[in-house]
**Student:** 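Got a structure here, written out as structure tokens. Questions coming.
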Amino acid sequence: MKIAKRVAFPRYAEYNCALKYFVEQGLDATYILQPALTRRTEELGAKYSPDLVCTPFKTVLGSMIEALEAGADTIFMTHGLCRLGYFGELQEQILRDLGYTFDFVNLAEYSTGKKRDWLRAIKRVNPKPNLGKLTLRAWDTIKMAQYLDQVTDFYYQNCGFDATGGQYKQIYQQFISGMYTAASKQDIQVVYQRAMDKFQRVPLDKPAHPLRVGVVGELYTVMDPFSNLELEQKLADMGVEIHRWMSITNRLVHYPGENNLNPEIRDLCTYEMGPTSTANIWCAKKYAQQGFDGLIHIKSANCTPEIDIMPVLQNISSDYKIPLLCLTYDSQTSDVGLMTRLEAFYDMIDAKKRVRR
């Protein structure tokens, strides 16, 4: 009897619940869930990474090491349109130089857009997959990711006004836990519906016109609470309604594409500058046009595409008279320093809103 592969992906926000579901229910393999990201993860990755790579490289490498320590024998690495597309090859070599033995599935090698190549990657885990079952579980996985993004959006737009002082956060944590244990399409639906029903019953103390902040930024750091030091939760706790369009399902499933977005930002951007540049410029302009009270741009250190769009965001800030806070994260970023900047930003947008009233 063939022993099932023990598969792991680097930790990325809470999307690993969907990956876990697909591996276990679709590929009939064992999913190894390494510990949540911590300073140890970051320090492990930084220790063995080149100095000038962007911070997500180091975090992902540290997460891979923790997955191997937890018993994984197969590591998956995603692909991307910036230097992310080269991460996997370098990370694999670093891990092998450290003496780890494992199978490495670098999705950059299979990202041709052809179904047969994705199937080749899948067969690295299960050589004889049930294609009908695999297709159904893939759709379930996409739905789980969509629910995760919908509930997360709803949570950050409302949790700062929870009149009970804690029920919103408790419901959200229960939702996340439920997604990690879901084993069927029905389980996914029940966990989602239960969370939304519970949210509706929590009393909110929300003003008619709350402070609204739009958050844009680099794909990994903007979505991962550990990587951005829980920026969204910190702002929500100040009584701010948070909006963040950039999510896995918006970027990979519902993305309208550069050709559709470019006409809306033609006055700001002539050329495509990187994997999330067009979307972030478009999104920042949309938030400004909708009268948001502030914009926050998040990027990791040495992220070239996000460095390139900073002048464009400055133009949006100037044209629409909307305050802009740019935050750069690396392995040395201080939680105290972040809070100081967020508090100053909050005071500024709050005072501006009061004057306008």
**Student:** Specify the closest pair of heavy atoms between Asn228 and Leu338, including all atoms of both residues, with the distance to one decimal.
**Tutor:**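 Closest approach of Asn228 to Leu338, heavy atoms only: O-CD2, 3.8 Å.
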**Student:** Please answer: with hydrophobic residues joined when any side-chain heavy atoms are less than 4.5 Å apart, are Val253 and Phe9 in the same cluster?
**Tutor:**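 Different clusters.
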**Student:** What do you reckon, is OH of Tyr320 surrounded by more than 12 foreign heavy atoms closer than 6.0 Å?
**Tutor:**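 Yes.
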**Student:** Could you please spell out the steps behind the side chain to side chain contact (heavy atoms under 4.5 Å, CB included) verdict for Ile296 and Leu235?
**Tutor:** CA-CA 11 Å; Ile296 295 181; Leu235 281 171; 3.4 Å; yes
**Student:** Show your working on side chain to side chain contact (heavy atoms under 4.5 Å, CB included) between Met179 and Ile188 and close with a plain yes or no.
**Tutor:** CA-CA 6 Å; Met179 284 299 184; Ile188 296 169; 4.0 Å; yes
**Student:** Go through the steps for Asp335 and Lys234 under the test salt bridge (charged side-chain N to carboxylate O under 4.0 Å, His left out), then give the verdict.
**Tutor:** CA-CA 10 Å; Asp335 191 79; Lys234 285 180 169 64; 2.8 Å; yes
**Student:** Judged by modelled atom types alone, do Thr55 and Glu42 share a side-chain donor-acceptor pair under 3.5 Å?
**Tutor:**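 No, because no side-chain N or O of Thr55 sits under 3.5 Å from a partner of the opposite role on Glu42.
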**Student:** Identify, with sequence neighbours excluded, every residue that meets side-chain contact (heavy atoms from CB on, under 4.5 Å) alongside Leu90.
**Tutor:**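 Counting only residues at least two positions away or on another chain, Leu90 forms a side-chain contact (heavy atoms from CB on, under 4.5 Å) with Pro50, Phe57, Ile94.
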**Student:** Please check if atom CD in Glu43 has more than 12 non-hydrogen atoms from other residues, nucleotides or ligands closer than 6.0 Å.
**Tutor:**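 Counting other residues, nucleotides and ligands, CD of Glu43 exceeds 12 neighbours.
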**Student:** Flag yes if Leu52 and Ile307 sit in one hydrophobic cluster, no otherwise; membership is Ile, Leu, Val, Met, Phe, Trp, Tyr, and two members link when side-chain heavy atoms are under 4.5 Å apart.
**Tutor:**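 Each belongs to a different hydrophobic cluster.
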**Student:** For atom CZ of Arg116, decide whether the heavy atoms of other residues, nucleotides or ligands shown that lie under 6.0 angstrom number more than 12.
**Tutor:**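 Count not over threshold, so no.
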**Student:** How close do Asn259 and Pro263 get, heavy atom to heavy atom, and via which atoms?
**Tutor:**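 For Asn259 versus Pro263, the nearest heavy atoms are O-CD, 3.2 Å.
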**Student:** Can Met348 be reached from Met339 by stepping across I, L, V, M, F, W or Y side chains whose heavy atoms are under 4.5 Å apart?
**Tutor:**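 Looking at the clustering, Met348 is in the same group as Met339.
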**Student:** Between CD1 of Ile171 and SG of Cys159, what distance do you get to the nearest 0.5 Å?
**Tutor:**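 Answer rounded to 0.5 Å: 11.5 Å.
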**Student:** Distance-only, no hydrogens or angles: does the Ser177 side chain make a donor-acceptor pair with backbone N or O of Gln173 under 3.5 Å?
**Tutor:**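 Yes.
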**Student:** Do side-chain atoms of Arg341 reach the backbone of Leu325 as a donor and acceptor pair under 3.5 angstrom?
**Tutor:**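 No; judged by distance alone, with no hydrogens or angles, the pair does not exist.
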**Student:** Output yes when a side-chain donor or acceptor of Arg124 lies under 3.5 Å from a complementary backbone atom of Phe104, and no otherwise.
**Tutor:**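 Answer holds: yes.
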**Student:** Quickly, which of Ile316, Asp319, Val312 forms a side-chain contact (heavy atoms from CB on, under 4.5 Å) with Lys285? Name it, please.
**Tutor:**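 The side-chain contact (heavy atoms from CB on, under 4.5 Å) with Lys285 is passed solely by Ile316 among Ile316, Asp319, Val312.
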**Student:** Quick one: does Asn250's side chain have a donor or acceptor within less than 3.5 Å of a partner on Trp245's backbone?
**Tutor:**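 Confirmed, Asn250 side chain pairs with Trp245 backbone.
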**Student:** Can a donor-acceptor pair be found, under 3.5 Å and without considering hydrogens, that links the side chain of Asp293 to the backbone of Val213?
**Tutor:**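 No, the answer is negative, given that no donor and acceptor are paired below the 3.5 Å cut-off.
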**Student:** Assess the residue pair Tyr255 and Thr278 against the criterion (side chain to side chain contact (heavy atoms under 4.5 Å, CB included)); give the C-alpha distance rounded to whole Å, side-chain angles, the decisive distance to 0.1 Å, and a yes or no.
**Tutor:** CA-CA 11 Å; Tyr255 189 54; Thr278 299; 4.1 Å; yes
**Student:** Applying a strict under-4.5 Å side-chain criterion to I, L, V, M, F, W and Y, I'd like to know whether Trp139 and Tyr147 cluster together.
**Tutor:**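 The answer is no; the residues belong to distinct hydrophobic clusters.
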**Student:** Have a look at Asp197 and tell me which of Arg194, Gln193, Arg201 forms a side chain to side chain donor-acceptor pair (under 3.5 Å) with it.
**Tutor:**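 So, applying the side chain to side chain donor-acceptor pair (under 3.5 Å) to Asp197 and each of Arg194, Gln193, Arg201, only Gln193 qualifies.
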**Student:** Whether Glu232 and Arg244 form a salt bridge (side-chain N of Lys/Arg under 4.0 Å from carboxylate O of Asp/Glu) is what I want to check.
**Tutor:**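 A salt bridge links Arg244 with Glu232.
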**Student:** Roughly how far, to the nearest 0.5 Å, is the CD atom of Glu241 from the CZ atom of Arg212?
**Tutor:**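 It is 6.5 Å, given to the nearest 0.5 Å.
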**Student:** Hey, could you give me the CE/CD distance between Met144 and Gln25, rounded to the nearest 0.5 Å?
**Tutor:**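 It is 8.5 Å, given to the nearest 0.5 Å.
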**Student:** How long is the gap from CD1 on Ile32 to CZ on Arg6, to the nearest 0.5 Å?
**Tutor:**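 The CZ atom of Arg6 is 6.5 Å from CD1 of Ile32, to the nearest 0.5 Å.
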**Student:** Identify, with sequence neighbours excluded, every residue that meets salt bridge (Lys or Arg N to Asp or Glu O under 4.0 Å) alongside Asp350.
**Tutor:**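 Applying salt bridge (Lys or Arg N to Asp or Glu O under 4.0 Å) to Asp350 gives Arg354.
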**Student:** Output yes when a side-chain donor or acceptor of Lys206 lies under 3.5 Å from a complementary backbone atom of Asn158, and no otherwise.
**Tutor:**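 No: the side chain of Lys206 does not pair with the backbone of Asn158.
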**Student:** Checking Leu107 against Trp118 for the side chain to side chain contact (heavy atoms under 4.5 Å, CB included) test, could you report, in this order, the C-alpha distance in whole Å, the side-chain angles of both residues, the deciding distance, and whether it holds?
**Tutor:** CA-CA 8 Å; Leu107 294 179; Trp118 290 118; 4.0 Å; yes
**Student:** Please name the pair of heavy atoms, one in Gln91 and one in Leu61, separated by the smallest distance, quoted to 0.1 Å.
**Tutor:**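 Scanning both residues completely, I find the closest heavy atoms to be NE2-N, 4.0 Å.
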**Student:** Is the shortest side-chain N to carboxylate O distance from Glu92 to Arg96 below 4.0 Å?
**Tutor:**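 Counted as a salt bridge, because a side-chain N and a carboxylate O are separated by less than 4.0 Å.
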**Student:** Does a side-chain N-to-carboxylate-O contact under 4.0 Å join Asp117 and Arg120?
**Tutor:**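 Answer for the salt bridge query: yes.
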**Student:** May I ask you to decide whether Arg137 forms a salt bridge with Asp140, counting only side-chain N to carboxylate O separations under 4.0 Å?
**Tutor:**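 Salt bridge present between Arg137 and Asp140.
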**Student:** Measure the acute angle between the ring planes of Tyr155 and Phe199, then classify it against the limits of 30° and 60° as parallel, tilted or perpendicular.
**Tutor:**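 Answer is tilted, since the angle falls between 30° and 60°.
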**Student:** So, using side-chain contact (heavy atoms from CB on, under 4.5 Å) as the criterion, who are the partners of Asp224 when residues are at least two apart?
**Tutor:**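 Partners of Asp224 by the side-chain contact (heavy atoms from CB on, under 4.5 Å) criterion, ordered by chain and then number, come out as Tyr12, Ala13, Leu37, Tyr220, Phe226, Ser227.
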**Student:** So, does Glu230 use its side chain to make a donor-acceptor pair with the main chain of Gln233 at under 3.5 Å?
**Tutor:**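 Absent.
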**Student:** In terms of ring plane angle, is the pair Phe154 and Tyr168 parallel, tilted or perpendicular, where the classes change at 30° and 60°?
**Tutor:**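 Answer is parallel, since the angle falls under 30°.
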**Student:** Do Asp330 side-chain atoms and Thr333 backbone N/O form a donor-acceptor pair below 3.5 Å?
**Tutor:**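 At least one qualifying donor-acceptor pair exists.
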**Student:** Answer yes if the side chains of Asp149 and Thr152 hold a donor-acceptor pair under 3.5 Å, and no otherwise.
**Tutor:**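 The answer is no; no qualifying pair exists.
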**Student:** Can you confirm whether Asp51 is buried at CG, in the sense that more than 12 heavy atoms of other residues, nucleotides or ligands lie under 6.0 Å from that atom?
**Tutor:**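 Open.
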**Student:** Which atom names give the shortest non-hydrogen contact between Asn16 and Pro10, and what distance separates them?
**Tutor:**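 Scanning both residues completely, I find the closest heavy atoms to be ND2-O, 3.2 Å.
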**Student:** According to a 4.5 Å side-chain heavy-atom criterion applied to Ile, Leu, Val, Met, Phe, Trp and Tyr, with indirect links allowed, do Leu136 and Tyr21 form part of one hydrophobic cluster?
**Tutor:**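 No, because Leu136 and Tyr21 fall into different hydrophobic clusters, even though each may have its own neighbours under 4.5 Å.
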**Student:** Does a donor on one side chain and an acceptor on the other come within less than 3.5 Å for Glu306 and Asn280?
**Tutor:**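 Glu306 vs Asn280: donor-acceptor pair found between side chains.
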**Student:** Look only at the side chain of Ser317 and the backbone of Ile322, and say whether a donor-acceptor pair between them is shorter than 3.5 Å.
**Tutor:**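 Flag set: sc Ser317 to bb Ile322 pair under 3.5 Å.
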**Student:** Is it true that Arg40 and Glu66 make a salt bridge, defined as a side-chain N closer than 4.0 Å to a carboxylate O?
**Tutor:**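 Looking at Arg40 and Glu66, the cut-off is met.
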**Student:** Could you walk me through whether Tyr48 and Asp97 pass the side chain to side chain donor-acceptor pair (under 3.5 Å) check?
**Tutor:** CA-CA 10 Å; Tyr48 299 112; Asp97 288 346; over 6 Å; no
